[in-house]
Amino acid sequence: MSEKLCVFPGSFDPVTIGHLDLIERASRLYDEVVVAVLHNPAKQGRFTVEKRMELLAKACAHVPNVSFDHFEGLLVDYMNARNARVVLRGLRTARDFETECQMAQFNLQMAPGVETLFLAAKPEHTHISSSAVREIGMFGGDVSPYVPASIAQEVARLLKPQPKR
């Protein structure tokens, strides 16, 4: 298993500046960072997995050691298939810690070689979530402070409410 690789799983629906900060920071710690978009068939995402991966690639174009993939099912199965040992998770709040710690313990029990690395969000990003960005955009608000500049116009256009006919 590679210790030079970390996997950052998530929905990234859409990618935010908080996600981008974690990706950039992880890219300085690991030789390779795989951003793995989770496709959860039980949830209807706002963007397709393909669109999320496209937006991530645009937002991370300046980070050379980042690649993108997608998966569904258990993260530990994906980690084993990639021969990866480190999962990256960001923490914004105490609630995130409780949820992420519980998931890390399940993952460690199911795949004893897989460890979770928690990175604390920068204070200026702790209030930002993909769901909040979606809601702001769907009501016509300005999403540009919350998403990477390279994709802000596209995300705003994609989230913009469509006129009813």
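Ring geometry for Tyr78 versus Phe71: interplanar angle under 30°, hence parallel rather than tilted (30 to 60°).
Under the 4.5 Å side-chain heavy-atom criterion for grouping Ile, Leu, Val, Met, Phe, Trp and Tyr, Val114 is not connected to Phe106 through any hydrophobic cluster. Criterion: ILVMFWY side-chain heavy atoms under 4.5 Å apart, direct or through other members. Under it, Val87 and Leu108 are not part of a common hydrophobic cluster. Linking Ile, Leu, Val, Met, Phe, Trp and Tyr residues whenever their side-chain heavy atoms come within less than 4.5 Å leaves Tyr30 and Phe118 in two separate clusters. When hydrophobic clusters are built by joining Ile, Leu, Val, Met, Phe, Trp and Tyr residues whose side-chain heavy atoms come closer than 4.5 Å, directly or via intermediates, Met103 is not grouped with Phe8. A continuous path of hydrophobic side-chain contacts links Val66 to Val49 [ILVMFWY only; heavy atoms under 4.5 Å].
Remark: Gln153 CD is loosely packed, at most 12 non-hydrogen atoms of other residues, nucleotides or ligands lying under 6.0 Å away. Counting non-hydrogen atoms of other residues, nucleotides and ligands closer than 6.0 Å to NE2 of His39 gives a total above 12. A 6.0 Å sphere centred on CD of Glu135 holds no more than 12 heavy atoms belonging to other residues, nucleotides or ligands. Counting non-hydrogen atoms of other residues, nucleotides and ligands closer than 6.0 Å to CZ of Phe97 gives a total of 12 or fewer. Atom CD of Glu124 is surrounded by more than 12 heavy atoms from other residues, nucleotides or ligands within 6.0 Å.
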Go through Lys51 and Glu154 one step at a time and tell me if the side-chain contact (heavy atoms from CB on, under 4.5 Å) criterion holds. CA-CA 11 Å; Lys51 179 53 78 175; Glu154 185 174 4; 2.9 Å; yes

Any chance you could lay out the side-chain contact (heavy atoms from CB on, under 4.5 Å) test for Phe47 and Leu159, step after step, and finish with the verdict? CA-CA 9 Å; Phe47 300 114; Leu159 290 174; 3.7 Å; yes

Verify salt bridge (Lys or Arg N to Asp or Glu O under 4.0 Å) between Glu54 and Lys58, making sure each step is shown before the conclusion. CA-CA 6 Å; Glu54 178 187 317; Lys58 288 178 184 176; 3.3 Å; yes

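The two residues Pro14 and Val133 come nearest to each other via the heavy atoms CG-CG1, 3.9 Å. The two residues Leu38 and Gly73 come nearest to each other via the heavy atoms CD1-O, 4.3 Å. Residues Leu88 and Pro9 share a closest heavy-atom pair of O-CD, 3.5 Å. In this structure, Ala121 and Arg92 approach most closely via the heavy-atom pair CB-CG, 3.9 Å. Minimum interatomic distance between Asn80 and Ala111 (heavy atoms only, all atoms of both residues): ND2-CB, 4.4 Å. Nearest heavy-atom pair, Cys60 versus Leu20, reported as atom, atom and distance to 0.1 Å: SG-CD1, 3.8 Å.
Between Asn107 atom CG and Gln102 atom CD the span is 11.0 Å, to the nearest 0.5 Å. With values rounded to the nearest 0.5 angstrom, Leu5 atom CG is found 11.0 Å from Arg85 atom CZ. Here Ser150 contributes atom OG and Leu55 contributes atom CG; the two are 9.0 Å apart, rounded to the nearest 0.5 Å. Of the inter-residue distances, the one linking Leu91 atom CG with Thr126 atom OG1 reads 11.5 Å to the nearest 0.5 angstrom. Rounding to the nearest 0.5 Å places CD of Glu98 at 10.0 Å from CG of Asp96. Rounded to the nearest 0.5 Å, atoms CG (Leu158) and CZ (Arg134) are 13.0 Å apart.
The closest side-chain heavy-atom distance from Arg52 to Phe68 is not below 4.5 Å. A 4.5 Å side-chain heavy-atom check between His125 and Leu22 finds every atom pair outside the cut-off. Side-chain atoms of Glu100 and Thr116, non-hydrogen and from C-beta on, never get closer than 4.5 Å to each other. For the pair Val63/Val33, no side-chain contact is recorded, criterion being any heavy-atom separation below 4.5 Å from C-beta on.
The existence of a salt bridge linking Asp13 and Arg46 is excluded, since no basic side-chain nitrogen approaches an acidic carboxylate oxygen closer than 4.0 Å.
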